[in-house]
Amino acid sequence: MTMVRVRFAPSPTGFVHVGGLRTALYNYLFARRNNGVFVLRIEDTDRSRYVEGAVENLLSVLDWAGLTPDEGPQQGGKYGPYLQSERLDIYKHYADRLVQQGFAYYAFDTPEEIETARQKSPDPRTFKYDASTRSLMRNSLTLSEEEVRRLLAQKVPYVIRLKVPENRIFVITDLIRGEVSFHSSQVDDQVLIKSDGYPTYHLANVVDDHLMEISHIIRGEEWLSSVPKHLYLYECFGWEPPLMAHLPLIFNPDGSKMSKRDIQSLSLMPSGKVDPDVQSYIQAGYEREAILNYIALLGWSSGDDREVFTLKELEQIFSLDRVNKSPAIFDLAKLKHLNQQHINRMEPERLAAELRSLAENAGWAIEDENYFMQVVKLFQPRLHMRNDFLTLSRYFFEEPTEYDAETKAKRWKEDSGKLVLEFLSEIIKLTVFDKESLEKTLLQTAERCGVPAAKIIHPTRLAVTGMGIGPGLYEILELLGKEKVINRLKRAVGILG
RNA sequence: GGCGCGUUCGUCUAGCGGUCCAGGACACCGGCCUCUCACGUCGGUAACACGGGUUCGAGUCCCGUACGCGCUACCA
């Protein structure tokens with residue numbers, strides 16, 4: 001059994017796509033599950049699409065996700081370099097080898113000439129540079145040897161094209177889709193080396209996957225159609241192709257492809273579209289584990305009824321044969337649900353640490369660690385997003401300056417001020433200020449005044465927190481402490497009447 | 001247009017010929033819990049694209065149609 005080696009091979013286009021992150025995740029999980037190696041290779045062979053900082057961004061997102069490569073531009077490895085732009089001589093070497101062996105040829109046609117040929121062909125829509133047309137073009141198959149030598153010597157721009165044979169059937173056994181076959185008549189003489197000397201994806205990919213000893217290719221379905229070219233390349237080189245698994249695509253809620261252009265700024269789901277940029281979700285405050293968990297579920301399921309998984313758990317149970325074939329639609333509601341689930345299951349200490357840095361970044365001064373911890377515990381079960389903590393728990397750190405108008409209208413009645421003062425006069429006497437005695441005191445006060453407990457509870461909550469929602473009142477009061485509670489009640493009654 | 005892939009509740013999915021008048025999750029609706037909001041819990045609405053085969057029996061296998069998506073670049 002040979003070593004499992006997989007790769008994530010993104011091209012740095014400026015941002016990491018949700019689908020790209022899932023591809024990285026699946027590769028990572030497959031490697032971990034099979035004690036294999038996870039390779040990161042940067043496919044930066046398109047100079048026209050070069051984006052400043054794209055590689056750094058990619059690296060930082062992977063790092064954030066915890067999908068650390070075993071080999072890659074940062075960690076190195078014996079199969080490097082891992083940036084294709086640093087491997088140009090390798091591709092050239094292999095392309096030349098194909099030309100020498102007659103599997104590929106030089107083509108000198110300019111884009112304009114090809115366009116002209118297309119227009120003059122019987123059906124411009126189906127025109128291809130292939131076995132049926134290459135004899136009409138300017139290439140080393142139609143030109144004399146001397147002419148070819150002369151053109152090369154004169155540095156006339158050229159590309160190297162793969163000479164795809166006629167009447168062949170290429171069959172792959174995809175790990176997810178089963179057998180898929182293609183007739184060679186539908187594949188064109190793919191450019192291998194562009195006129196700028198850079199390789200195309202197809203050449204670089206095949207060469208690198210072989211040289212880096214990749215055992216399984218796990219990538220998006222958009223690549224399925226180009227597999228025959230790749231298979232033929234492996235054949236020409238005399239190499240064994242890796243096993244392949246083509247993943248279903250991820251779409252917008254309206255069924256369209258997730259595209260960066262669909263999104264204006266950060267607003268999610270403007271019109272049946274969803275932001276494809278992973279960075280947006282990070283910035284929006286989603287939990288790392290929740291995002292990974294969610295995208296893992298887009299195209300894969302565990303087989304039992306469990307859906308909430310940590311990365312570590314996924315590493316144990318992920319398998320390619322539970323990946324399905326049909327495309328998935330990205331659903332923010334489910335992401336949010338999983339986000340809440342992950343916050344809920346987090347170790348309180350860890351959540352506290354996360355929330356503390358969040359709060360401190362927002363300018364909060366946290367003096368009492370233990371107090372902060374108690375507040376966090378109160379809110380953990382009711383946080384859907386960690387950012388909500390800032391608005392929901394603020395009254396624990398500063399006195400409310402405003403009182404929610406809606407709650408005031410609904411809960412603060414004629415007698416509320418009086419009842420709150422009654423309650424206040426009782427709790428002032430308390431020597432033990434815990435939730436049990438507070439509850440007992442409140443209930444007794446209510447009974448003494450002949451009103452339902454709710455008539456005191458709600459106004460008190462509003463007075464102390466400024467809000468109508470939140471954790472249990474007695475827990476809030478206990479945690480705030482006697483002094484603050486007394487001050488706030490007095491102040492609120494003065495303001496609310 | 002050509003080629004390829006896909007099609008189970010609104011969404012993610014389970015299902016690998018009978019145990020499926022189709023199960024789970026999100027969302028939605030209702031109940032319980034309860035001082036509120038959540039959490040939790042109980043229940044409800046809701047799907048095998050269509051048409052032919054094969055078979056004693058099809059969501060499950062085959063063919064066709066429709067629809068969707070991908071590829072069809074000197075982009076990946």
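All of these numbers come straight from a predicted model, not from anything done at the bench. Within every chain, numbering begins at 1; the chains are lettered A, B, ... in the order of the sequence lines, protein sequences first and strands thereafter.
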Partner of A:Tyr281 under ring-ring contact (aromatic ring centres under 6.0 Å, His included), chosen from A:Phe15, A:Tyr294, A:Phe330 = A:Phe330

Rounded to the Å, how far apart are A:Asn252 CG and B:C12 P?
-> 12 Å

First encountered from the 5' end of RNA chain B, between A:Ile469 and A:Ala328 | A:Ala328

For nucleotides 39-49 of chain B, tabulate all protein N/O to nucleotide N/O atom pairs closer than 3.5 Å, reporting atom names and distance.
{"unit_1": "B:C39", "atom_1": "O4'", "unit_2": "A:Pro381", "atom_2": "O", "d": "3.4"}
{"unit_1": "B:G40", "atom_1": "OP1", "unit_2": "A:Gln341", "atom_2": "NE2", "d": "3.3"}

How would you label the contact of A:Gly472 with the nucleic acid (heavy atoms, under 4.0 Å): base, sugar-phosphate, or nothing?
-> base

Which residues satisfy the ring-ring contact (aromatic ring centres under 6.0 Å, His included) test with A:Tyr234, sequence neighbours excluded?
-> none

Which residue lies more 5' along RNA chain B, comparing A:Arg322 with A:Arg177 via nearest heavy atoms | A:Arg177

Would you give a per-nucleotide map of nucleotides 64-76 of chain B, 5' to 3', where B means the base has a protein non-hydrogen atom under 4.0 Å away, S means only the sugar-phosphate does, and - means neither?
-> -----SBS--BBB

Looking across every strand, which nucleic acid part, if any, lies under 4.0 Å from A:Pro452 by heavy atom: base, sugar-phosphate, or nothing?
-> nothing

Sequence neighbours excluded - salt bridge (Lys or Arg N to Asp or Glu O under 4.0 Å) pairs with any residue from residues 106-119 of chain A = A:Glu113-A:Arg138, A:Glu115-A:Arg118

Between A:Val227 and A:Val180, is any pair of side-chain heavy atoms under 4.5 Å apart?
-> no

B:G68 pairs with which nucleotide, Watson-Crick or G-U wobble, both distances below 3.5 Å?
-> B:C5

How are the rings of A:Phe389 and A:Phe379 set to each other: parallel, tilted or perpendicular (split at 30° and 60°)?
-> perpendicular

Electrostatic pair A:Lys194:A:Asp196 at N-O distance under 4.0 angstrom | no

Salt-bridge test for A:Glu422 and A:Arg448: reply yes if a basic N is under 4.0 Å from a carboxylate O, no otherwise.
-> yes

Answer yes when A:Lys163 and A:Asp189 have at least one side-chain N-carboxylate O distance shorter than 4.0 Å, and no when they do not.
-> no

Expected list for residues 404-416 of chain A near RNA chain B, using heavy atoms below 4.0 Å, is A:Arg411

Between B:C9 and B:A27 - C1' atom distance, rounded Å = 12 Å

If we take the P atom in both B:G4 and B:A47, what is their distance in whole Å?
-> 34 Å

Salt-bridge test for A:Glu439 and A:Lys435: reply yes if a basic N is under 4.0 Å from a carboxylate O, no otherwise.
-> no

Residue pairs, two or more places apart or on separate chains, that pass salt bridge (Lys or Arg N to Asp or Glu O under 4.0 Å) and touch residues 198-209 of chain A = A:Arg7-A:Asp209, A:Arg41-A:Asp208, A:Arg41-A:Asp209, A:Arg87-A:Asp208

Do the two ring centres, one from A:Trp412 and one from A:Tyr403, sit under 6.0 Å apart?
-> no

On a whole-Å scale, what distance lies between the C1' atoms belonging to B:U7 and B:G51?
-> 15 Å

